[in-house]
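To start, the structure under review is shown below, and the notes come after it.
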Amino acid sequence: MKLTFLGTGGAFDVAYGNSAALVELRGHTILLDCGFTVYPTLRQYSLTDQIEYILLTHLHNDHIGSLATLLLHRRYFNPDNRPTILYPDDDFRDEVYEFLRFQLQKPDKYVDFTPVSEFPGITALDTFGLHADQLQTYAYLFEDTTQRLVFSGDLAKPETLFALLRGMPPKATTVFHDISFSEENVTHTYYKRLIPLSRDYKIYGYHCNPEEAPQDNPFPLAYHQPELMLAAHMQVSAP
Ligand SMILES: [Zn+2]
Ligand SMILES: [Zn+2]
């Protein structure tokens with residue numbers, strides 16, 4: 001199992017790409033979020049055809065803004081290989097479907113929809129209202145026999161996620177958590193709020209501008225870990 005970031009920026013930090021990742025799990029490739037910078041990044045690295053499954057944390061544009069373009073591309077250039085959106089519940093599937101209907105008219109022609117519960121090793125955590133008021137969001141947990149990876153999605157109130165983790169059987173756990181360096185930011189987790197929750201877990205921050213990290217930030221940022229960054233992989237493997 002492996003998680004590789006396509007981008008780690010906040011909604012306006014386009015230089016770092018929208019926060020999104022590729023997850024390799026049980027021999028399959030899952031795209032985790034598809035914001036407006038993701039399709040260009042997938043094209044840049046010739047990865048559009050690799051995506052088998054798509055998971056979405058929520059419908060903000062920095063998480064879904066190029067989804068329709070990716071699906072259109074796939075139908076046009078690789079029509080026999082439709083990707084599948086893994087959805088956490090029927091209401092969310094309906095929201096994604098409606099979002100795509102305005103852009104693609106008939107989303108079923110472009111993509112299949114399957115409950116995420118049918119994919120072993122993925123757990124969706126309902127984080128409704130914990131990022132923005134009345135907004136449906138999800139965090140996702142990925143597990144194999146040896147480790148657990150956690151992706152917070154956009155989350156201002158992290159306590160629910162860590163309560164779930166503490167109730168689970170112990171396993172080597174790495175948490176990728178959105179992080180804010182401004183206490184006034186009410187839609188992401190202020191880094192100092194994560195500190196008391198972080199015992200027992202390896203935590204990497206993302207969805208931020210790394211240049212804004214203060215000296216006393218104890219959390220390593222995904223952006224600074226070459227093994228977590230697609231761009232770093234690609235630079236190493238390029239001729
Ligand atoms: Zn976001
Ligand atoms: Zn958001």
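Numbers for residues simply follow the sequence, beginning at 1. Indexing begins at 1, ligand by ligand and atom by atom, following the structure's order.
- Applying the side chain to side chain contact (heavy atoms under 4.5 Å, CB included) rule to A213 yields the partners F181, N217, L221; only residues at least two apart in sequence or on another chain are considered.
- Heavy atoms from other residues, nucleotides or ligands lying under 6.0 Å from OH of Y87 number more than 12.
- Taking the ring centroids of Y206 and Y223, they lie at or beyond the 6.0 Å cut-off.
- A salt bridge does not link K192 with E183: every distance from a Lys NZ or Arg NE/NH1/NH2 to an Asp or Glu carboxylate oxygen is 4.0 Å or more.
- Two rings, from H63 and H131, have their centers 6.0 Å or more apart.
- Less than 6.0 angstrom separates the ring centroid of H73 from the ring centroid of Y39.
- Under 2.8 Å from the Zn ion (ligand 1), one finds the following protein N/O/S atoms: D62 OD2, H63 NE2, D154 OD2, H207 NE2.
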